[in-house]
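Below: one structure, written as structure tokens.
When a ligand or atom number is given, it counts from 1 through the structure's own listing order.
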Amino acid sequence: MPDTAAPPPDFLDKLCPRGDLPERIAALPRPLVFTNGVFDILHRGHVQYLAQARALGASLVMGLNSDASARLLGKGPDRPINGEADRATVLAALESISLVTLFDEQMPLALLEIVRPDLYVKGGDYDIETLAETALVRRWGGDARALPFLEGRSTTALIRRIRG
Ligand SMILES: Nc1ncnc2c1ncn2[C@@H]1O[C@H](COP(=O)(O)OP(=O)(O)OP(=O)(O)O)[C@@H](O)[C@H]1O
Ligand SMILES: O=P(O)(O)O[C@@H]1O[C@H]([C@H](O)CO)[C@@H](O)[C@H](O)[C@@H]1O
């Protein structure tokens, strides 16, 4: 009989409950970059921006909107398409990402207070200077930066094309 029991992949260790964050964050190399989002259906724009974000520091922490949080954002009644456990697992498998943690609020401000990153990053679809996240990280001497937006790539556009 072949041995079909495969061990769980190592990248699952990157999934981090809120309570474990202080210890896990302290163990990550600095500079520490933080970003957040829903990442419902992962696409080229996402993976490119995440690789660029990671290159700005020594580790990249992902604050992922929980399903309840994603529903607060008004992306549509059937969103997210992929549930939080699936979205978190796909992101954890990326080389660029060091740690994935969920947040339930509409904005990741309480999470940022725990992580206290050196750099906050979003894609170029945001005006980084106007974000509450930017103002918050600057309070402890961190900074914020927007990365280039890859035109024509979005989860919403993919869903529209699939649905015709
Ligand atoms: N095409 C893209 N190029 C670069 N960054 C992107 C692109 N699309 C999204 N991002 C970034 O990825 C993060 C997650 O974005 P989000 O989950 O809203 O993706 P999306 O494809 O725009 O989804 P939706 O269409 O559901 O809003 C955000 O920080 C956003 O700035
Ligand atoms: O995936 P999205 O819609 O880009 O992610 C959202 O980003 C918001 C942003 O940080 C401005 O506040 C955030 O508030 C929201 O919870 C989603 O993460």
Side-chain angles (χ1 to χ4, degrees), residues 11 14-18 21 25 31-57 59-140 142-164:
F11 66 72
K14 295 185 196 172
L15 305 175
C16 182
R18 175 82 55 112
L21 270 176
I25 294 294
L32 191 151
V33 184
F34 177 98
T35 194
N36 59 278
V38 178
F39 299 90
D40 193 358
I41 300 177
L42 203 67
H43 55 71
R44 180 177 168 187
H46 289 144
V47 295
Q48 190 163 302
Y49 125 83
L50 291 171
Q52 289 171 325
R54 169 65 181 76
L56 294 172
S59 41
L60 175 62
V61 173
M62 166 63 65
L64 183 65
N65 293 80
S66 68
D67 292 344
S69 166
R71 282 193 285 272
L72 299 174
L73 302 180
K75 288 178 189 271
D78 52 357
R79 303 286 301 279
I81 300 281
N82 286 305
E84 60 193 32
D86 290 59
R87 291 181 289 114
T89 302
V90 169
L91 289 168
L94 297 181
E95 189 182 20
S96 54
I97 290 187
S98 312
L99 209 68
V100 182
T101 193
L102 291 165
F103 68 99
D104 284 322
E105 302 82 2
Q106 187 157 359
M107 295 174 78
L109 300 177
L111 178 56
L112 276 168
E113 289 275 10
I114 298 169
V115 176
R116 294 208 160 214
D118 302 298
L119 187 66
Y120 177 75
V121 166
K122 284 293 280 182
D125 47 339
Y126 285 86
D127 178 358
I128 198 84
E129 290 302 320
T130 65
L131 294 183
E133 290 91 337
T134 297
L136 181 62
V137 296
R138 286 184 177 154
R139 265 189 234 157
W140 53 77
D143 206 357
R145 190 161 155 183
L147 287 171
F149 187 79
L150 193 62
E151 288 302 330
R153 271 72 176 191
S154 84
T155 298
T156 302
L158 280 171
I159 293 169
R160 274 204 206 107
R161 278 170 58 200
I162 291 164
R163 289 181 172 160

(Q) Can you name the atoms of ligand 2, numbered from 1 with element, that are less than 4.0 Å from a heavy atom of M107? (A) 12 (O), 14 (O)
Q.
Using only atom types and a distance under 3.5 Å, with no angle test, would you say the side chain of K14 pairs donor to acceptor with the backbone of A93?
A. no
Q.
On a heavy-atom basis, which atom in T35 and which in Y49 lie closest, and how many Å separate them?
A. OG1-OH, 2.5 Å
Q) Could an N or O of ligand 1 be found under 3.5 Å from any N or O of G124, whether backbone or side chain? A) no
Q.
As a check for students: among Y120, Y126, F39, F103, identify the option with a heavy atom nearest to atom 4 (O) of ligand 2.
A. Y126
**Q.** Minimum side-chain heavy-atom gap N82-L42 below 4.5 Å
**A.** no
Q.
For ligand 2, which is the ligand I care about here, please tell me if S69 has any N or O atom under 3.5 Å from one of the ligand's N or O atoms.
A. no
Q. Once the angle between the rings of Y120 and F34 is folded into 0 to 90°, is it parallel (under 30°), tilted (30 to 60°) or perpendicular (over 60°)?
A. parallel
Q) Going by the order shown, which atoms of ligand 2 are within less than 4.0 Å of some heavy atom of L131? A) 11 (C)
Q) Is H46 in polar range of ligand 1, meaning some N or O pair under 3.5 Å apart? A) yes
Q. Atom OG of S66 and atom CD of E105: how far apart are they, to the nearest 0.5 Å?
A. 8.0 Å
Q.
For ligand 1 and K75, I'd like to know whether there is a polar contact (N/O to N/O, distance under 3.5 Å).
A. yes
Q) What atoms of ligand 2 come closer than 4.0 angstrom to any heavy atom of V38? A) 1 (O)
Q) Can an N or O of G123 be found at a distance shorter than 3.5 Å from an N or O of ligand 1? A) yes
Q) Considering L111, N65, T35, T130, which one's heavy-atom position lies nearest to atom 18 (O) of ligand 2? A) N65
Q) Could you state the interatomic distance from CG (L50) to CD (E95), rounded to the nearest 0.5 Å? A) 12.5 Å
Q.
Return the closest protein heavy atom for atom 24 (P) of ligand 1 as residue, atom name and distance.
A. T156 OG1, 3.3 Å
Q) If you measure from each non-hydrogen atom of K75 to ligand 2, which part falls under 4.0 Å: side chain, backbone, both or neither? A) side chain
**Q.** Nearest candidate to atom 9 (C) of ligand 2, where distance is taken over non-hydrogen atoms, out of E133, Q106, E105
**A.** E133
Q. Can you tell which part of L73 has a heavy atom less than 4.0 Å from ligand 2: side chain, backbone, both or neither?
A. side chain
Q) Below 3.5 angstrom, do we get any N/O pair linking G37 and ligand 1? A) no
Q | Atom pair CG (L91) and CG (L64), whose distance is rounded to the nearest 0.5 Å | A | 6.0 Å
(Q) Between R18 and D104 (salt bridge meaning N to carboxylate O under 4.0 Å), is one present in this structure? (A) no
Q: Please confirm whether the backbone N or O of G74 pairs with a side-chain atom of R71, one donor and one acceptor, at under 3.5 Å?
A: no
